[in-house]
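What follows is a short report on a single structure.
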Protein chains: 2
Amino acid sequence: MTDKIPTVHDVARRAGVSTATVSRALSNSDKLHPVTLERVLRAVEELGYLPNGAARGLTSRRTRVLALCFLDLGDPESDAGDDAMLYIDGVVRGMERAARERGYAILIGAVQDPDAALDLAVSLASRSDGIVLLGQAAPNSAIQRLKRLPVVVVAGRCDDDHGRVDQVRVDNAGGMTALVDHLVSVHGHTRLGYLGGPADSPDATERWEAFRRTVTGLGLPVPAPLPGDFTQHTGHAAAPALSPLPDAVVCANDQMAIGLMTALAERGIRVPADVAVVGFDDIDLGRHLRPALTTVRQPMQPIGAAAVTLLERRLRSAQLPPTDLRLPTTLQVRGSCGCPA
Amino acid sequence: MTDKIPTVHDVARRAGVSTATVSRALSNSDKLHPVTLERVLRAVEELGYLPNGAARGLTSRRTRVLALCFLDLGDPESDAGDDAMLYIDGVVRGMERAARERGYAILIGAVQDPDAALDLAVSLASRSDGIVLLGQAAPNSAIQRLKRLPVVVVAGRCDDDHGRVDQVRVDNAGGMTALVDHLVSVHGHTRLGYLGGPADSPDATERWEAFRRTVTGLGLPVPAPLPGDFTQHTGHAAAPALSPLPDAVVCANDQMAIGLMTALAERGIRVPADVAVVGFDDIDLGRHLRPALTTVRQPMQPIGAAAVTLLERRLRSAQLPPTDLRLPTTLQVRGSCGCPA
DNA sequence: TTGTATGCGTTATCAC
DNA sequence: GTGATAACGCATACAA
């Protein structure tokens, strides 16, 4: 560190060539005498030369970096990942793999406070060729501010899509329809209950709408949705309202389903014998319950990969109409719907 | 995208100030007339100006980015994380949180082929202020090449530590000792078996050494270690060699323990009634087995956080002696050792 | 408090 | 094939 950091100039001098030649040698460019190449590479080796990414980025006008900005809602004290984190991990992995194939690295940054998302997004965007905004980390202020470069909003609500902002979401409707279909056609349930999510969640809205539509389409009565906010607690609290007991209760997410199952167990009501319970999201815990939770799974890695694909596509041609991608969800049939474990 | 990207100059012109003032306004620097600041900020807003991170990095000589380089051993087809990936996710999260507090973002890159690790590491290093090399992604070639900037090797073998390369590892010895102690003092086991890991793994070596030392220290006979390579398969294959059946089998990692338990079950040998089985690592699956696997847990997030701390420390003062951090492991007592589930 | 001018390390455009 | 040189966008030392 005391010794000066070597630059292209040092390498050039040592190799007895010009900096231009060094640059060519390092970017495996076209015409270079093999001997020259060899000399440069050896000088690089001997000097322990590392290219300066900033300088490169400055001239080449691109960083070969794609950014991901998200909200960190996890418990900082816990080493165990909570569910939102597992979701993010999946997206990150999907992004990294897709980016790798295209020669990009992934820059990740998170904030706890949604209000800080804009600053973080700007900070990340300034160091990357494109950025993915995840869920609540995609306030409109950030979207507006960043849309000079490719932006993909994942699982968020993007009001302004007359711009060049692409979106990736999951097919909540398809998943919910499959779930209800399963309950009705496989198990013959006809009296369905519904435990809803917060009104300001696009996911919650789409799931409820799909539920209502599907149930109606099957000629069954649509229940009044029980209020919930996606927490285990409201799931638990919903139990008393379940009377008379329906054949099955569809919960807008897994956490509430789990809370409900707990409350049911406390009251001696058996799942799925007395009532079936199903969720949405496929969080880790659900797989390990007794009975294991039947639910709908989101394709985390494909979401990340799709975001990268959209980013790169727009990097090629900026003037594309905005894409709104819907990735398919998959029904995870387990025990809580009445299927054999 | 068609319109020219605004720079400090554009902002300066629009705000009627110099570029220096713009720069100061954006780096919330010391003395700036509030009115001037306001004007600049408004110009920034109106122009949708985003600072150019490359240019910044070039002059400031730092990127405010910390990199992580690792091997991606996961199954690209599977959406479910395999265990090595979960470990990495934990480290990433720990790094991100620690980095965030210090104003850094995390750049992640992975390769499948260890031979490609050097190139990736160089590529990442050139864009960051410091880099973490994870496990097998830390070949000596890379370490040597990169040590011009802060490098932390996590869970790797770093032969050359007469340099300025810090390391973070876990206390394999402490964990193993606690495990053996538990088996012996709580359960009274005296005839212990050992299923070892690959010879080229530092973890495997340390675990075996600690096992041997502890068993010897307790005055018990040291068994010949059964050969294994950390895969579930070799764990399974080791079962026939277990005769006469010892009181307990210590496996160098969880995967082998799980393979062994499967094989034992196939032979009608009950765990823990006939023989106790314990592992090391605390992978997710172990918690959900019947009986659940008693094992030793590594502190993933603290590992990531420690790596960042070391990086930043060395960023402050490069001429520090190399640190070799050992993070404590914790015994996870579950059913497979004979404790009540 | 604000402006001017220089240099950061690299790539790209020309020449040769 | 190779070399000189001009940007690239910003921060900062030095002036004012």
Side-chain angles (χ1 to χ4, degrees), chain A residues 3-41 43-44 47-65 103 122-123 125-129 148-149, chain B residues 3-41 43-44 47-65 103 122-123 125-129 148-149:
Chain A
D3 39 348
K4 201 179 132 308
I5 293 171
T7 72
V8 268
H9 292 95
D10 302 310
V11 176
R13 190 170 329 118
R14 179 153 194 139
V17 299
S18 73
T19 61
T21 299
V22 174
S23 176
R24 288 177 188 120
L26 264 38
S27 39
N28 9 297
S29 119
D30 30 12
K31 309 111 188 302
L32 255 200
H33 196 92
V35 174
T36 311
L37 177 61
E38 171 61 27
R39 274 228 304 272
V40 173
L41 261 28
V44 165
L47 260 43
Y49 166 77
L50 289 178
N52 180 320
R56 276 192 165 172
L58 189 54
T59 50
S60 68
R61 282 138 156 357
R62 54 182 204 177
T63 62
R64 301 257 87 180
V65 168
V122 167
S123 157
S126 73
R127 305 161 188 288
S128 53
D129 293 340
R148 179 168 305 283
L149 79 163
Chain B
D3 38 348
K4 201 180 134 304
I5 294 172
T7 73
V8 268
H9 293 94
D10 303 310
V11 176
R13 191 171 328 117
R14 177 154 195 137
V17 299
S18 73
T19 62
T21 299
V22 174
S23 175
R24 289 177 188 121
L26 264 39
S27 38
N28 7 299
S29 113
D30 28 12
K31 308 110 192 301
L32 255 200
H33 196 91
V35 174
T36 311
L37 176 62
E38 171 61 26
R39 275 227 304 274
V40 173
L41 260 29
V44 164
L47 260 43
Y49 166 77
L50 289 178
N52 181 319
R56 275 192 166 173
L58 189 54
T59 49
S60 68
R61 278 132 160 2
R62 54 181 204 177
T63 62
R64 302 256 88 185
V65 167
V122 167
S123 157
S126 73
R127 305 162 188 287
S128 53
D129 293 340
R148 179 167 305 285
L149 80 163

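Note that the coordinates shown come from a computational prediction; the quantities given were computed from them, not determined experimentally. In what follows, chains are A, B, ... by sequence order, proteins preceding strands, each numbered from 1. Keep in mind that the numbers below use all heavy atoms, side chains included, and drop hydrogens, waters and symmetry copies.
- Closest approach of Gly48(B) and Pro6(B) over heavy atoms only: O-CG, 4.3 Å.
- Within residues 53-62 of chain B, the residues having any heavy atom under 4.0 Å from DNA chain C are, by residue number, Leu58(B), Thr59(B), Arg61(B).
- For DNA chain D, the span of nucleotides reached by chain B at under 4.0 Å from its heavy atoms goes, 5' to 3', from dG9(D) to dA13(D).
- Proximity of Val122(A) to Pro51(B): side-chain heavy atoms (C-beta onward) are separated by under 4.5 Å at one or more points.
- For the pair Asn52(B) CG and dT10(C) P, the interatomic distance rounds to 16 Å; values are reported in whole Å.
- In this structure, the separation between CG on Leu47(A) and CZ on Arg13(A) is 9.0 Å, given to the nearest 0.5 Å.
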For residues 32-41 of chain B, run the donor-acceptor check on the side chains, cut-off 3.5 Å, and write out each pair with its distance to 0.1 Å, sequence neighbours left out.
residue  : atom : partner  : partner atom : Å
Arg39(B) : NE   : Ala15(B) : O            : 2.9
Arg39(B) : NH2  : Ala15(B) : O            : 3.4

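- Under the side-chain hydrogen bond (donor to acceptor under 3.5 Å, both in side chains) criterion, Arg14(A) pairs with Glu46(A), not counting sequence neighbours.
- Remark: nothing in residues 12-19 of chain A comes within less than 4.0 Å of DNA chain C through any heavy atom.
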Interface polar pairs with nucleotides 14-16 of chain C, N/O, under 3.5 angstrom:
none

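- Scored by the side-chain contact (heavy atoms from CB on, under 4.5 Å) test, Ser123(B) finds Arg127(B) as partners (sequence neighbours excluded).
- Across the protein-nucleic acid pair, His9(B) atom NE2 and dT6(C) atom P stand 13 Å apart, rounded to whole Å.
- Taking 4.5 Å as the limit, every side-chain heavy atom of Ile5(A) sits out of range of all side-chain heavy atoms of Arg61(B).
- Rounded to 10 degrees, the angle separating the terminal axes of the helix from dT1(C)-dA16(D) to dC16(C)-dG1(D) is 30°, with each axis obtained from five end pairs.
- Note that CG of Asp129(B) is 8.0 Å distant from OG of Ser60(B), once rounded to the nearest 0.5 Å.
- Applying the side-chain hydrogen bond (donor to acceptor under 3.5 Å, both in side chains) test to Arg64(A) and every residue at least two apart in sequence or in another chain returns Tyr104(A).
- Heavy atoms of Thr36(B) sit under 4.0 angstrom from primed sugar atoms or phosphate atoms, though from no base atom.
- When all heavy atoms are compared, the tightest approach of Gly57(B) to Ala54(A) is C-CB, 3.8 Å.
- Residues Ala55(A) and Leu58(B) come closest through the heavy atom pair CB-CD1, 3.6 Å.
- Evaluation of the side chain to side chain donor-acceptor pair (under 3.5 Å) test over residues 48-59 of chain B, restricted to residues two or more places apart or in two chains, returns none.
- Among residues two or more places apart in sequence or in another chain, the side-chain hydrogen bond (donor to acceptor under 3.5 Å, both in side chains) test is passed with Ser18(B) by Thr21(B).
- Mapping Ala20(A) and Val8(B) onto DNA chain D via the closest heavy atom, the residue that lands nearer the 5' end is Ala20(A).
- With sequence neighbours excluded, no residue forms a side-chain hydrogen bond (donor to acceptor under 3.5 Å, both in side chains) with Ser128(B).
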